[in-house]
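Working notes for the structure below.
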Number of protein chains: 2
Amino acid sequence: MENNAQNTEDRILEAARTVFHRKGFNGARMQEIATLANINKALLYYYFRNKELLFERVFNDTFSQLAAKIGDILMSDMPLMSKVEGFGNLYPNFISEHSYVMQFLINALQDRPERLRDIIMKQNINPCLFLEKIKKQLRDEMGIDMDPLHLYVNLLALVIFPVVARPLLQSIFSLSDEKMAMFLEERKTIIPVFFNNAMKGYEKDKSLV
Amino acid sequence: MENNAQNTEDRILEAARTVFHRKGFNGARMQEIATLANINKALLYYYFRNKELLFERVFNDTFSQLAAKIGDILMSDMPLMSKVEGFGNLYPNFISEHSYVMQFLINALQDRPERLRDIIMKQNINPCLFLEKIKKQLRDEMGIDMDPLHLYVNLLALVIFPVVARPLLQSIFSLSDEKMAMFLEERKTIIPVFFNNAMKGYEKDKSLV
DNA sequence: ATGATGTTTAACCAAATGGTTTAACCAAAC
DNA sequence: GTTTGGTTAAACCATTTGGTTAAACATCAT
């Protein structure tokens, strides 16, 4: 009984995740979520009082899950460049299964930027620690003293953007699905190289000062 | 009279742009567009038969405008690195006025990827020419022989991502609006440097081969 | 058996929203 | 001065959609 109940809640959440991720809050229909979860609307509202609450739950779950994965990599004791590589792999892998995650998060926050503040507090995640850690590793491992935020955003950009803008890029450059998949696969090696090269440049800069 | 009419159509389009850009197709309300354009709903439908048509018009206009600006830079005769710099400036400037443009385009294409194919054909824009040009400049100016698509996507990523993900980044790293504005401003110089450094790395690679 | 919990069915409601219609108004063009 | 096209006001319609309700049923624990 409880087992089955838990199962239903999970099925609802999974369905809700799928629909919200793909269509956002406004595009999603409660009926669609119910159908996908193999239940009827009444039961859906029996588990989650309303659309907002369900959406919030999905948003929180999604963000926490992604944040945990990123945190694992960034706070580990790997050398910086291994982290960069790990990052390049994590994301395309993660989103091959959850391909709309990032888009979803960005849009949800565009609508209501205050959404994150609460859950970042509740969660024990502190993104600024990431930056400290990166800064320290930069100094210790490569002798570079620079703003870690720009560096981190650069990395995020290189990894995330091509996936988020995928349909745009595919249309503009007439890439078939296979070619696009190959392109994204190539980036797993291209990004670390690109990043590494850029870093070496900063080392040189430093020796000039 | 005609003058006034033209004026009304423009006002409608401007209002529609604003609302669609910020809220997307599903989030936008025809009444809101009418109100913003200072007309009533009847007149809105008198000018544009329905929501879809109006949206399509806005999408086409938006894409063409952005494509033209990008094309101007990429197809000019500037050296590659000046283009990179021009790019870093173009985008934040363009979107300080139209800050939801990219988000809007990405979402619209997520919904219906076929949207772009038609208008790219009609337009005399050929994005693949960009790539050829870049590839040639890479070879001639820097002696580098590599896939220009990755390079171009890298540049787009570095420039566009921080703006699109702005609310996400601001929340995560608790940046005030002023700090975030400063951060984006800094990137105008940081991106070219980063990019330049990475390029130098490829030159070295080549000399090793 | 009884009662609590999960579940379905199906009807229902209210509000929002895309879209239409009609009559009247106004300004300029003829 | 009449026609014409842009414009308004206001009512209206059909549909979608978020959300509710009530009755019946299944299952399991006690």
Side-chain angles (χ1 to χ4, degrees), chain A residues 1-62 100 104 107-108 110-112 115, chain B residues 1-62 100 104 107-108 110-112 115:
Chain A
M1 192 156 116
E2 278 177 14
N3 187 8
N4 204 348
Q6 184 62 26
N7 222 317
T8 299
E9 186 169 338
D10 283 351
R11 261 174 25 237
I12 293 179
L13 282 174
E14 197 190 324
R17 228 177 293 138
T18 303
V19 176
F20 278 133
H21 282 185
R22 279 173 169 66
K23 313 203 171 176
F25 183 82
N26 286 314
R29 302 285 157 241
M30 293 299 266
Q31 181 58 58
E32 194 184 351
I33 294 173
T35 304
L36 189 61
N38 267 316
I39 58 169
N40 59 8
K41 220 172 38 156
L43 192 60
L44 180 55
Y45 280 96
Y46 174 78
Y47 274 87
F48 296 90
R49 251 195 291 295
N50 58 48
K51 198 183 183 184
E52 294 256 354
L53 282 177
L54 182 54
F55 183 83
E56 217 139 277
R57 174 67 181 275
V58 167
F59 179 83
N60 287 6
D61 289 357
T62 303
Y100 298 81
F104 164 78
N107 282 327
Q110 195 85 263
D111 283 356
R112 293 235 303 269
R115 260 202 189 103
Chain B
M1 193 156 116
E2 280 177 13
N3 186 9
N4 205 346
Q6 184 62 26
N7 222 317
T8 298
E9 187 169 338
D10 284 349
R11 260 175 23 237
I12 292 180
L13 282 175
E14 197 190 324
R17 226 177 295 138
T18 303
V19 176
F20 278 133
H21 283 186
R22 277 175 171 66
K23 315 203 171 176
F25 183 82
N26 286 315
R29 302 286 158 240
M30 293 300 266
Q31 181 56 59
E32 195 185 349
I33 294 173
T35 304
L36 190 60
N38 267 316
I39 58 169
N40 62 3
K41 223 173 32 160
L43 192 60
L44 180 56
Y45 281 96
Y46 174 79
Y47 274 88
F48 297 89
R49 251 196 291 294
N50 58 47
K51 198 183 183 183
E52 293 256 355
L53 282 177
L54 181 55
F55 182 83
E56 217 139 278
R57 174 67 182 276
V58 167
F59 178 83
N60 287 8
D61 289 357
T62 302
Y100 297 82
F104 164 78
N107 282 325
Q110 195 84 264
D111 282 356
R112 294 233 305 268
R115 264 206 184 100

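These numbers come from a predicted model, not from an experiment.
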d(OH, Y45(A); P, dG19(D)) in whole Å: 4 Å
Gap between atoms CD and P, on Q31(A) and dT20(D) respectively (whole Å): 15 Å
Spacing of M30(B) atom CE relative to dG18(C) atom P, expressed in whole Å: 7 Å
From dT17(D), dG19(D), dG18(C), nucleotide with atom closest to R29(A) side chain: dT17(D)
Of all pairs that satisfy salt bridge (charged side-chain N to carboxylate O under 4.0 Å, His left out), the ones with a partner from residues 22-39 of chain A, not counting sequence neighbours: K23(A)-E32(A)
Any protein N or O atoms within reach of nucleotides 8-12 of chain D? Criterion: under 3.5 Å, listing atom names and distances.
from: dA9(D); atom 1: N7; to: N40(B); atom 2: ND2; distance (Å): 3.2

Aromatic plane relationship, F104(A) with H21(A) - under 30° parallel, 30 to 60° tilted, over 60° perpendicular: tilted
Rounded interatomic separation in angstrom, taking CG from L44(A) and P from dT17(D): 15 Å
Sugar-phosphate, base or nothing in reach of A34(B), heavy atoms under 4.0 Å: nothing
OH on Y46(A) to CD1 on I39(A), rounded to 0.5 Å: 12.0 Å
Contacts of Y45(A) that satisfy ring pair (Phe, Tyr, Trp, His ring centres under 6.0 Å) - sequence neighbours left out: none
For atom CG of N50(B) and atom C1' of dA14(D), their distance in whole Å: 16 Å
Distance in angstrom units between N26(A) CG and dT16(D) C1', rounded: 14 Å
Euclidean distance, atom NZ of residue K51(B) to atom P of dT15(D) [Å, nearest integer]: 18 Å
Derivation and outcome, side chain to side chain contact (heavy atoms under 4.5 Å, CB included), residues F55(B) and R115(B): CA-CA 11 Å; F55(B) 182 83; R115(B) 264 206 184 100; 3.5 Å; yes
Residues N107(A), D111(A); criterion side chain to side chain contact (heavy atoms under 4.5 Å, CB included); working and verdict: CA-CA 6 Å; N107(A) 282 327; D111(A) 283 356; 5.9 Å; no
Spacing of L44(B) atom CG and Q31(B) atom CD [to the nearest 0.5 Å]: 8.5 Å
Interatomic distance where CD belongs to E9(B) and C1' belongs to dG5(D) [whole Å]: 14 Å
Y46(B) vs dG6(D): side-chain N/O to OP1/OP2 distance below 4.0 Å: yes
side-chain N/O T8(B) vs dT7(D) OP1/OP2, d < 4.0 Å: yes
